[in-house]
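Heads up: the structure comes next, in C-alpha cells.
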Amino acid sequence: MPLITLNDGKQIKYEKPVTGDKIAKDISLSLFKKSLAIKVNEELKDLGSTISRDSKIQIITIDDKDAIELLRHDSAHTMAMAVQELFPGTQVTIGPVIENGFYYDFARDEPFTEDDLIKIENKMKEIVEKDPTTRREVWERQKAIKHFKDIGEHFKAEIIESIPQSEEISIYFHGDWHDLCRGPHLPSLGKIGKAFKLMKVAGAYWRGDSNNQMLQRIYGTCWKNKKDLDLYLERLEEAEKRDHRKIGKTMDLFHFQEESPGAVFWHKKGWNLFQSLISFIRNTQLKAGYQEVNTPEILDRSLWEKSGHWEKFKDYMYTTETPDERTFAIKPMNCPGHCQIYNQGLKSYKDLPIKISEFGKVHRYEPSGSLHGLMRVRGFTQDDAHIFCTEDQVTEESVKVTKLILDIYKAFGFNDVILKYADRPKIRVGDDNVWDKSEKALLEAIKASGIKYEINKGEGAFYGPKIEFVLRDAIGRDWQCGTLQIDLNLPNRLNSTYIDTNGEKKIPVMLHRAMLGSIERFVGILIEHYSGKLPLWLSPIQVGVLTISSEQNDYGKEIIKLLAKNQIRSIIDDRNEKINYKIREHSLSKLPILLICGAKEAKDKTVTIRRLGSEKQEIMKLTKIADILSKEIQMPSVVSK
RNA sequence: GCCCCUGUAGCUCAAUUGGUAGAGCAACUGAUUUGUAAUCAGUAGGUUCGUGGUUCGAUUCCGCGCGGGGGCACCA
C-alpha cells in the first residue's frame with residue numbers, strides 16, 4: 001500500500017501499486033499533460049513505471065533540470081529510428097546523452113553525407129509529429145540476444161552479452177521501432193519538441209578501442225525550446241569567431257606550413273607575446289626559489305632507455321643518426337636532463353629542495369590526426385620544473401606548487417579553476433607505503449588550495465599520483481594546463497641521490513610540474529579567452545601613434561621615441577590616410593591604445609587617447625604620457641608565499 | 001594512426017552538364033593633407049597543393065601522396 005510523498009511534502013495514500021502517470025493525473029490534469037518522467041526516491045524513471053512501496057516522488061516536467069537529458073536521450077532514439085527507416089540494414093550500437101546534446105553510433109558501409117543529415121533530421125521531425133508512444137518491456141537475456149542476432153543487430157547482441165547478470169534487459173518500444181536501452185524515456189516522442197538539430201558526422205571506434213571497427217557517429221543537439229537552441233548555436237558561432245587560428249592569422253602572430261606539420265612559425269608579434277609570457281613566468285618562479293637551467297635538445301638513446309621513455313614512447317620520439325653511428329633522440333621531455341644537472345656533485349639533505357626549471361623546447365611525433373593549431377603541436381615549449389626533495393618535504397612543496405599555479409592563473413583572469421586528482425593505477429612502480437605518502441601529500445595540497453576537485457580513480461602515472469589543473473575561459477570552456485606529478489621512479493632509474501642526516505645515501509622524490517603547460521598552447525588559449533584583445537602587458541604592440549595629417553609626422557616620431565625610451569612598444573602610422581581609416585584598421589588589429597595627434601595636439605604638446613573598445617577621447621599632456629603608460633603596461637606581479 | 005569532409009591570387013570566396021580562371025579586401029602607382037571604425041582612380045597579381053590517369057581538352061572526373069578541418073583513438 002504505497003504512501004506517496006510529493007516534493008512539497010503532501011502525501012497521497014494508494015490502496016495498490018500505482019503508476020507515475022496515475023499520480024500525475026491525480027495531482028492535476030494539467031500537470032499530467034506536461035509530465036515527462038518521474039523521480040522516485042531520487043531515481044529518474046519512466047512515467048509509466050509502477051511504484052509499490054512508500055516513496056518520495058517528483059513529477060518531472062520540461063522545467064526540471066533532469067528533463068533536458070530525457071529529451072536528448074529520446075532524440076538519440078528518434079535519430080536511430082529515422083536512420084533505420086531511411087537506410088535499412090544500418091546497425092545501431094550506442095546512443096548516449098552528452099554535454100549539449102547526444103550522438104548515436106551506426107554501423108553502415110556507405111558513409112553518411114551532409115545531405116543525409118538533412119534527410120535524417122526531416123525524418124526525425126516527421127516521427128516527432130506522429131508522436132509514437134513509449135512502452136518498456138523486460139526480456140529474458142537469451143531471448144534478447146537471439147532476437148537481436150536474428151534481426152542482424154550484432155552490436156546490440158554483443159552489448160546484451162556484456163550486461164551484468166544482476167541487471168535486467170529492458171527493451172524500449174517507440175511505436176513499432178524498438179531498441180535495447182536502460183531508459184528512462186519520455187512517454188511519447190512528441191514530447192521532444194522542435195528544438196533539435198543534427199550537427200555533424202564523424203568516425204568513432206566501436207567501444208572506444210582503436211583495434212575495433214570504425215563506426216559512423218552522428219552528433220545532434222537538443223534543447224527544451226527554440227530559444228535555448230538558438231543561444232547554443234550563437235555560442236558556437238562566438239567560439240568560432242575566437243578561433244586562435246583565425247585570429248592568429250589576422251593579427252599576424254604565427255603561421256604553419258606543410259613542410260613542418262605541427263610546428264609553429266612565430267612571427268615577430270606572436271614571438272613577442274610568447275616572450276612576454278616567459279618573462280612573467282621567469283620573474284614569478286625565480287622569486288619562488290627556482291633556478292633556471294638549459295639542457296641539450298639531443299641526447300643519446302641510452303639515456304632514454306635508462307629513463308624508461310624509449311620502451312614506452314620510442315614510436316613518438318624524433319631520432320637522428322649521426323655519422324659516428326650513434327642514435328640520438330630529440331628530447332620529448334626535460335626531466336632526464338634535469339636529473340643530470342642534479343647529479344652533478346654530491347647533494348646533502350640540507351640542499352633540498354632543489355627546484356630546477358627550464359623553458360625547454362620538446363618534440364613529440366604526435367599522431368597526425370591529433371594536431372590542432374597551437375593547441376596540439378609537435379614542437380612545443382614547456383614551463384617545466386622539477387623539484388628534488390625528501391619524502392618529508394613532499395607535502396609542503398606540493399602545497400607551494402599548487403598555490404603558485406593558481407596565483408599565476410589569476411593574473412590572466414582565470415579564477416574558475418578545478419583540479420583533477422589521479423591516484424595509483426593498477427600497474428605501477430614503487431612501494432605502497434610511499435604511494436600512501438605521495439597520495440596524501442597531493443590531497444593535502446589540494447585541500448590547502450580550497451579549490452574544488454574531481455578524483456580520477458586509478459588514472460595516475462605509473463610512477464606516481466598527479467594533479468591536473470583545469471581552467472575555465474571567458475566563454476566557459478575548460479582547458480587542462482598545469483600539472484603536478486610525484487615521481488617515485490625516475491630519480492632511482494637515473495641514479496639521483498642525496499645524503500641524509502645519518503650519512504646514508506637516499507633517493508630523492510621528484511616533483512614534475514608545469515604551470516602554463518605548453519606555452520604554444522597557452523598562447524592559443526589566451527587568444528581565444530581574450531578574443532584577441534590581449535591585456536596591455538601582453539600586447540605585442542601597445543600603443544599606436546596616429547597622425548591626422550603629414551604636418552604632424554615629426555611630432556608623432558618624437559612621441560614614439562619617447563615611448564620607446566620608456567620600453568613601451570609602439571608604432572607610428574603616418575601614412576597619408578584619413579584618421580577614420582587608421583582608427584578602423586588598428587582597432588581591427590586589436591591595438592589597445594591609440595594616441596591621436598593633429599595640429600591642435602602638436603601645438604599644445606598633448607595627445608588624444610583612444611582605447612580599444614571605447615569611443616571616449618581623453619586629452620593628455622605629453623609630459624605625463626610616459627609615466628602613465630609605463631605604469632599601465634606593467635606585467636602582473638605575483639608573490640606566492 | 002582511423003573515418004568523413006576539404007585544398008583556386010597575400011586574405012575571404014566565385015567559376016552553369018569537363019571548354020586553359022573572376023570578385024572584394026590587401027599590395028603597388030597617382031591624386032587627395034584629411035579630427036575618431038573604410039577618399040577616389042589606375043596597375044599588377046595564379047604551374048587552380050603535388051603526382052599519375054581518363055579525355056581532343058581537367059580547377060572540374062578517377063587513383064596515389066601531402067597539407068588542412070570535424071570527430072575517434074593517443075597525449076610521457
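Residue numbers start from 1 in every chain, and the chains themselves are labelled A, B, ... in the order their sequence lines are given, proteins ahead of strands. Just the heavy atoms: all of them, side chains too, but no hydrogens, waters or symmetry mates, feed the values below.
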Given C66(B), A73(B), A37(B), identify the nucleotide with an atom nearest to the side chain of S210(A).
A73(B)
Between G68(B) and R245(A), is there an OP1 or OP2 to side-chain N/O distance shorter than 4.0 Å?
no
At 4.0 Å (heavy atoms only), tell me whether H372(A) reaches a base, stays on the sugar-phosphate, or touches nothing.
sugar-phosphate
Counting any heavy atom closer than 4.0 Å, what does A202(A) reach on the DNA or RNA strands: base, sugar-phosphate only, or nothing?
base
Of W271(A), F274(A), W266(A), the one forming a ring pair (Phe, Tyr, Trp, His ring centres under 6.0 Å) with F254(A) is W266(A)
Scan R217(A) against the nucleic acid and name what it touches under 4.0 Å (heavy atoms): base, sugar-phosphate only, or nothing.
sugar-phosphate
In whole Å, measure the gap between the C1' atoms of C11(B) and G53(B) for me.
34 Å
Can you classify the ring geometry of F414(A) versus H529(A) as parallel (below 30°), tilted (30 to 60°) or perpendicular (above 60°)?
tilted
Give a yes or no answer on whether the side chain of H586(A) reaches the backbone of K582(A) with a donor-acceptor pair at less than 3.5 Å.
yes
Keeping E311(A) on the side-chain end and G308(A) on the backbone end, is there a donor-acceptor pair under 3.5 Å?
no
Between U33(B), G35(B), U36(B), which nucleotide has the shortest distance from any of its atoms to the side chain of I548(A)?
G35(B)
If you measure from the Lys or Arg side-chain nitrogens to the Asp or Glu carboxylate oxygens, is any gap between D209(A) and R207(A) under 4.0 Å?
no
Identify which nucleotide among A37(B), A76(B), G69(B) has an atom closest to any side-chain atom of P332(A), counting heavy atoms from C-beta outward.
A76(B)
Looking at R376(A), does any N or O in its side chain come under 4.0 Å of the phosphate oxygens OP1/OP2 on G69(B)?
no
I want to check one thing: is the phosphate of G1(B), taken as OP1 and OP2, less than 4.0 Å away from some side-chain N or O of Y205(A)?
no
Just checking F462(A): base, sugar-phosphate only, or nothing, at a heavy-atom cut-off of under 4.0 Å?
nothing
State whether the aromatic ring of Y581(A) stacks on the base of A38(B), taking stacking to mean ring centres under 5.5 Å apart and ring planes under 30° to each other.
no
Donor-acceptor pair under 3.5 Å, E601(A) side chain vs G35(B) base:
yes
Of the candidate nucleotides G1(B), C3(B), A37(B), which contains the atom at the shortest distance from the side chain of M214(A)?
C3(B)
Under 4.0 Å, heavy atoms only, any strand: does K582(A) hit a base, just the sugar-phosphate, or nothing?
nothing
If you check the M317(A) side chain, which of A76(B), G68(B), A73(B) turns out closest?
A76(B)
Nearest-angstrom distance, C1' atom, U48(B) to A15(B)
11 Å
Nearest to side-chain heavy atoms of K578(A), which nucleotide of C11(B), U39(B), G68(B)
U39(B)
Decide yes or no, distance alone: a donor-acceptor N/O pair under 3.5 angstrom between the base of C72(B) and the side-chain of R207(A).
no
May I ask which nucleotide in the shown strands pairs with G1(B), Watson-Crick or G-U wobble, both distances under 3.5 Å?
C72(B)
What contact category does L588(A) fall into here, base, sugar-phosphate, or nothing, at under 4.0 angstrom with non-hydrogen atoms?
base
Go through C72(B), G68(B), U33(B) for me and flag the one nearest to the S550(A) side chain.
U33(B)
